[in-house]
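Please read the structure below before turning to the comments.
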Number of protein chains: 2
Amino acid sequence: MVGAMNNEPARPPKAELQASADVVLLTIEDDRLKVVLVERTKEPDKGSLALPGGFMWAGEDAVTTARRVLAAKAGVTGDVYMEQLYTFSEPGRDSRGHILSVSYMALVRREDLVFAEGPLTETPALYPAVGHPKLSFDHDRILKYGLKRMRDKLLYTNIAYALLPMHFTLTQLQRVYEIVLGRDLDKRNFRKKYLSLDMIRPVEAAMRGGRHRPAQMYEFVYAKPVELAEPAL
Amino acid sequence: MVGAMNNEPARPPKAELQASADVVLLTIEDDRLKVVLVERTKEPDKGSLALPGGFMWAGEDAVTTARRVLAAKAGVTGDVYMEQLYTFSEPGRDSRGHILSVSYMALVRREDLVFAEGPLTETPALYPAVGHPKLSFDHDRILKYGLKRMRDKLLYTNIAYALLPMHFTLTQLQRVYEIVLGRDLDKRNFRKKYLSLDMIRPVEAAMRGGRHRPAQMYEFVYAKPVELAEPAL
DNA sequence: AAAATAGTGTCTATAAGACATTATGTC
DNA sequence: GACATAATGTCTTATAGACACTATTTT
């Protein structure tokens, strides 16, 4: 009806914006849940800590950006568990301009995490996920979101596999749950429950070492994300 | 050098892209769960059905875009329940270019849904959410995602409030659950369970009408999203 | 044999699910 | 009083959670 103007009155500008991916990369080290943070070497907020992140490149989707960032900043290359968390898009969230951030949570085994030695512009390191230092931008909020997601998913999926070696003992599995959930679990109840889920199976191997009885080792039946019919704990 | 080449040079181009918000707007009509779809009047995919959506404007965040789209295309202006679903960012998802889509699920009471009479270029209408027609772009995927989210959240939150009038009967509440979950529920078990959650309280009113016993009416204690400690069903 | 961790079973309490009848309005 | 929906309770089964001792290996 109105010629060139179709939908909107006096059509305002479509936003030409940039998008970034920011990753909450979690691992377990020294019986604690830790997160990879990088020290910013550029303004804004030079010198402070932030989640590893980077701009989306042309032709990339957000998860590709996230994987590239993990490889570049945390030396993580193998296939990592990664899931999208949330997209933050408030115009004021980054002082450099309107930058939309697609956030991800990633899980990695500590031994697969090798911080690159090369000429990195930003140095990555591990920090306690609970009681972490203050972060730049709105990254505190993103990290908080990632931690909640992690705890929730532990209870109704098998994602613990992403933090354990291929073969592990029930005690190690229980420790993952205790560390992430932040509370002690009863050994007998944990084993009874977990074994009833049919998510893990025993393997022909025992964990030896230490002056004590060796432990039966297990492996996950599915080494990929699976939702449980019933809650895991 | 604002090149489109992606040769992995020292510094590839940051993507300058556009972002849109697409909304899975659900309601209940005639005892069925329905979704608002619009008929496309422009290429690409002119004439086919799609979720209501629109481009983010400069200075807007994605949820503002989503609300603007709801008002413009579905006449929905009151405060609507809305939550972010997922962000789709594959370069090939829209033939017009690299358009990132932040998707939302929204819930509205049928009586609050007034399709605008004005010179709309796209006509919105209600379609069955289960057994809906084929949609444009990747909107089938987004709708599927929205339906799953809706069913999941019904089980551990109070979002049913967003589909019911302020005062309602337990039978009406049960119908919402049955319609969304797609299965019949036992009346006695449903009431016992739901009342034990302390999410609703009786009000001084009865639903009259029809030649039968009037029903006690209830209201939600919190008319906003609340997560339940225990599952709702 | 001492040390250290692995491995196991019972009891109780709570929740889930199957199931049918009585109650109270309107017409 | 006929109709239509509202409202209610019991029993069975499954799950969650509290709780302590024996088994096996190494040194």
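Only a predicted model underlies this, so the values are computations on that prediction, with no experimental measurement involved. Any value given below was found using the heavy atoms of this structure, including those in side chains, with hydrogens, waters and symmetry copies removed. Just so we're on the same page: letters track the sequence lines, and every chain starts at 1.
The shortest side-chain heavy-atom distance between B:Leu126 and B:Phe115 falls under the 4.5 Å cut-off. A 4.5 Å side-chain heavy-atom check between B:Met207 and B:Thr171 finds every atom pair outside the cut-off. The shortest distance between side-chain heavy atoms of B:Thr157 and B:Pro225 does not fall below 4.5 Å.
Computed from coordinates, the B:Leu155 CG to C:dA16 P distance equals 12 Å when rounded to whole Å. For the pair B:Gln174 CD and D:dT5 P, the interatomic distance rounds to 14 Å; values are reported in whole Å. For A:Gln172 and C:dT5, the CD to P distance is 13 Å, given to the nearest whole Å. In this structure, B:Gln216 places its CD atom 19 Å from P of D:dT5, rounding to the nearest Å. If you take CZ of B:Arg208 and C1' of C:dC27, they are 14 Å apart, rounded to a whole angstrom. Taking atom CG of residue A:Leu195 and atom C1' of nucleotide C:dT8, one finds them 11 Å apart after rounding to whole Å. Between B:Phe168 atom CZ and D:dT5 atom P the separation is 20 Å, expressed in whole Å. Atom pair A:Asp186:CG and D:dC21:C1' shows a separation of 13 Å (rounding to whole Å applied).
If you find the closest nucleotide of DNA chain C to A:Asn189 and to A:Arg211, the one lying nearer the 5' end belongs to A:Arg211. Of the two residues contacting DNA chain D, namely B:Met217 and B:Lys192, the nearest-nucleotide position lying further toward the 5' end is that of B:Met217. Both A:Lys187 and B:Tyr218 lie near DNA chain D, and the one whose nearest nucleotide falls closer to the 5' end is B:Tyr218.
Checking D:dT5, D:dG17, C:dT5 against the side-chain heavy atoms of A:His212 singles out C:dT5 as nearest. The side chain of A:Arg213 approaches C:dT5 more closely than any other nucleotide in the set C:dG25, C:dT5, D:dG17.
At a threshold of 4.0 angstrom between heavy atoms, the contacts of A:Arg191 include nucleobase atoms, whether or not backbone atoms are also involved. Residue A:Lys193 is classed as a sugar-phosphate contact, given heavy-atom separations below 4.0 Å to backbone atoms only.
Each of A:Phe168, A:Tyr177, A:Tyr218 was scored for a ring-ring contact (aromatic ring centres under 6.0 Å, His included) with A:Tyr194, with one residue passing: A:Tyr177.
Here A:Thr171 does not reach the OP1 or OP2 of C:dT5: none of its side-chain N or O atoms lies under 4.0 Å away.
Aromatic rings from B:Tyr222 and B:Phe220 are positioned such that their centres are separated by 6.0 Å or more.
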